[in-house]
Amino acid sequence: MTPIIRIIESLDWMTLVLVFSMLVMTLGKYLFQTKFLNFLILPFNNKYIMLSNKKGRLLNWFHIFMTIFQFINLSLFIFLMNRTWNGPSSQNTFEIFLITVALIAAFQVVKIVLQLFKGFAFNTQELVLDVIYNKSTYFNYSSLVMFLSNIILIYVLNNSKTVIYVAIGLILLINAIGLIKLMKNYQKVILPYLFYFILYLCALEIAPLVVIGSYLKG
């Protein structure tokens, strides 16, 4: 008989990652109950964003907790997508996950810095802060979908492409709702610079998705 090498991944570290992310979200809910309840209905009601303070809202603790929650679950979701398309890796999978978290965090921080610099250069700091906060809030909300998808992909339907496609569809839908609301609120400002706004979307929003998709297919 020809021996077959089977790579069996331990779920221990994935369970710990999910528990940690859930603790982060629970801490945010416990400390900021009203904000959390408004956050849960974000796609249907913009009350959460309207009630947020103008100053320092990117650095308020609830937003920070939900951003950490997003980093963790987005990284795990990308890891599980890679496993689904390319199979289990013989390398240290937890190290790959940590590298993914670091790359995602670094990319998002660099993107925000570039946006803030653009706002400073064109004297549109308030508008840029509003845009950053709106987009990051809706992306943080879509991490709830990632969290549920991660649980299903790990414990219920392993390597299910259907779950991944449905999750990606919901993530795109949530962020599309946020983008439409943003454009509606700032249409008078965006329309004169529509060409530059499209270039911005292609460079900083769409391009990373294309790179991730190419990586997973490769």
Side-chain angles (χ1 to χ4, degrees), residues 9-84 93-109 111-112 129 132-158 160 163-164 166-178 181:
E9 289 185 288
S10 171
L11 299 182
D12 292 345
W13 70 267
M14 294 187 194
T15 301
L16 290 175
V17 165
L18 286 173
V19 169
F20 177 72
S21 72
M22 190 164 56
L23 287 175
V24 171
M25 182 178 64
T26 303
L27 184 60
K29 176 182 178 295
Y30 176 75
L31 295 176
F32 307 94
Q33 294 184 17
T34 302
K35 280 191 175 183
F36 184 78
L37 292 175
N38 289 326
F39 180 75
L40 287 180
I41 58 173
L42 179 64
F44 314 101
N45 189 319
N46 236 22
K47 185 177 180 181
Y48 171 80
I49 290 179
M50 290 188 296
L51 291 178
S52 300
N53 293 325
K54 287 283 183 180
K55 292 184 179 180
R57 55 185 180 175
L58 280 175
L59 297 177
N60 77 74
W61 278 107
F62 180 76
H63 189 76
I64 291 173
F65 284 137
M66 295 312 300
T67 300
I68 294 172
F69 180 81
Q70 176 244 121
F71 284 165
I72 296 170
N73 282 283
L74 176 59
S75 302
L76 186 56
F77 186 64
I78 291 175
F79 175 86
L80 293 172
M81 282 197 296
N82 180 57
R83 187 183 69 173
T84 299
T93 51
F94 183 63
E95 284 186 3
I96 295 174
F97 168 76
L98 291 179
I99 292 171
T100 305
V101 173
L103 289 175
I104 287 173
F107 170 77
Q108 294 198 31
V109 169
K111 186 172 74 169
I112 289 175
L129 282 172
I132 293 173
Y133 184 72
N134 274 263
K135 291 196 293 85
S136 61
T137 297
Y138 274 90
F139 198 58
N140 285 348
Y141 185 89
S142 63
S143 64
L144 296 173
V145 174
M146 300 173 202
F147 176 70
L148 294 175
S149 302
N150 291 338
I151 292 175
I152 294 172
L153 288 169
I154 293 172
Y155 303 109
V156 183
L157 300 172
N158 293 335
S160 172
V163 173
I164 292 174
V166 171
I168 291 174
L170 290 174
I171 291 167
L172 292 176
L173 177 62
I174 290 168
N175 287 278
I177 291 172
K181 288 184 178 181

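Nothing fancy with the numbering, it's 1 onward along the sequence.
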For this session: Could you list all the ring pair (Phe, Tyr, Trp, His ring centres under 6.0 Å) pairs where at least one residue sits in residues 14-33, not counting sequence neighbours?
Result: none
For this session: Please confirm whether the backbone N or O of Asn73 pairs with a side-chain atom of Asn150, one donor and one acceptor, at under 3.5 Å?
Result: yes
Problem set entry | Heavy-atom side-chain contact between Ile177 and Phe44 under 4.5 Å | no
Exercise. Any side-chain heavy atom of Lys35 sitting closer than 4.5 Å to one from Asn60?
Worked result: yes
Problem set entry | Residue pair Asn158 / Leu153: nearest heavy atoms and the distance that separates them | OD1-O, 2.8 Å
Seminar exercise, completed: For Asn175 and Ser142 the tightest heavy-atom approach is ND2-OG, 3.5 Å
Exercise. Can you find a heavy atom in the side chain of Phe77 that is under 4.5 Å from one in the side chain of Val145?
Worked result: no
For this session: Could you tell me whether the side chain of Leu40 reaches within less than 4.5 Å of the side chain of Tyr48, counting heavy atoms only?
Result: no
Exercise. Quick one: side chain to side chain contact (heavy atoms under 4.5 Å, CB included) partners of Ile68, sequence neighbours excluded?
Worked result: Val24, Ile64, Ile72
Exercise. Side-chain contact, heavy-atom cut-off 4.5 Å: Lys181 with Ile49?
Worked result: no
For this session: Could you walk me through whether Gln108 and Leu74 pass the side chain to side chain contact (heavy atoms under 4.5 Å, CB included) test, one step at a time?
Result: CA-CA 12 Å; Gln108 294 198 31; Leu74 176 59; 4.1 Å; yes
Seminar exercise, completed: Rounded to the nearest 0.5 angstrom, the CD1-CG distance for Ile151 and Leu80 is 11.5 Å
Problem set entry | Closest non-hydrogen atom pair between Phe69 and Ser21, with its separation | CD1-O, 3.1 Å
Problem set entry | side chain to side chain contact (heavy atoms under 4.5 Å, CB included) partner of Val17, the single match among Leu76, Val101, Ile154 | Leu76
Seminar exercise, completed: Those residues at least two apart in sequence (or on a different chain) that pass side chain to side chain contact (heavy atoms under 4.5 Å, CB included) with Ile152 are Val156, Leu157, Val163
Seminar exercise, completed: dist Ile99:CD1 -> Ile104:CD1 (nearest 0.5 Å) comes out at 12.0 Å
Problem set entry | Partner residues of Phe65 under the ring pair (Phe, Tyr, Trp, His ring centres under 6.0 Å) criterion, sequence neighbours left out | Trp61
Exercise. If you measure from CD1 on Ile168 to CE on Met146, what distance do you get to the nearest 0.5 Å?
Worked result: 10.0 Å
Problem set entry | Contact check, side chains of Met14 and Phe97, non-hydrogen atoms, under 4.5 Å | no
For this session: Find out whether Leu31 and Phe62 are in side-chain contact, i.e. whether some heavy atom of one side chain is under 4.5 Å from a heavy atom of the other.
Result: no
Problem set entry | Student check: side-chain heavy atoms of Ile96 and Asn82 closer than 4.5 Å | no
For this session: Please test Leu148 against Leu144 for side chain to side chain contact (heavy atoms under 4.5 Å, CB included), starting from the C-alpha separation and ending with a verdict.
Result: CA-CA 6 Å; Leu148 294 175; Leu144 296 173; 5.8 Å; no
Exercise. Given Phe139 and Ile174, is the side chain to side chain contact (heavy atoms under 4.5 Å, CB included) satisfied, shown in steps?
Worked result: CA-CA 8 Å; Phe139 198 58; Ile174 290 168; over 6 Å; no
For this session: Kindly compute the distance separating NZ (Lys29) from CG (Leu37), expressed to the nearest 0.5 Å.
Result: 7.0 Å
Exercise. Looking at residues at least two apart in the chain, or sitting in another chain, which of them share a side chain to side chain contact (heavy atoms under 4.5 Å, CB included) with Ile41?
Worked result: Asn45
Seminar exercise, completed: Residues passing the side chain to side chain contact (heavy atoms under 4.5 Å, CB included) test with Leu98, sequence neighbours excluded, are Phe94
Exercise. Aromatic rings His63 and Tyr133: how do their planes relate, parallel, tilted or perpendicular, breaks at 30° and 60°?
Worked result: tilted
For this session: To the nearest 0.5 angstrom, please state how far the CD1 atom of Ile164 sits from the OG1 atom of Thr84.
Result: 3.5 Å
Seminar exercise, completed: Contacts of Asn140 meeting side-chain hydrogen bond (donor to acceptor under 3.5 Å, both in side chains) (sequence neighbours excluded), chain-then-number -> Thr67, Gln70
For this session: List for me each residue that meets ring pair (Phe, Tyr, Trp, His ring centres under 6.0 Å) alongside Tyr141, sequence neighbours excluded, and say none if there are none.
Result: Phe39
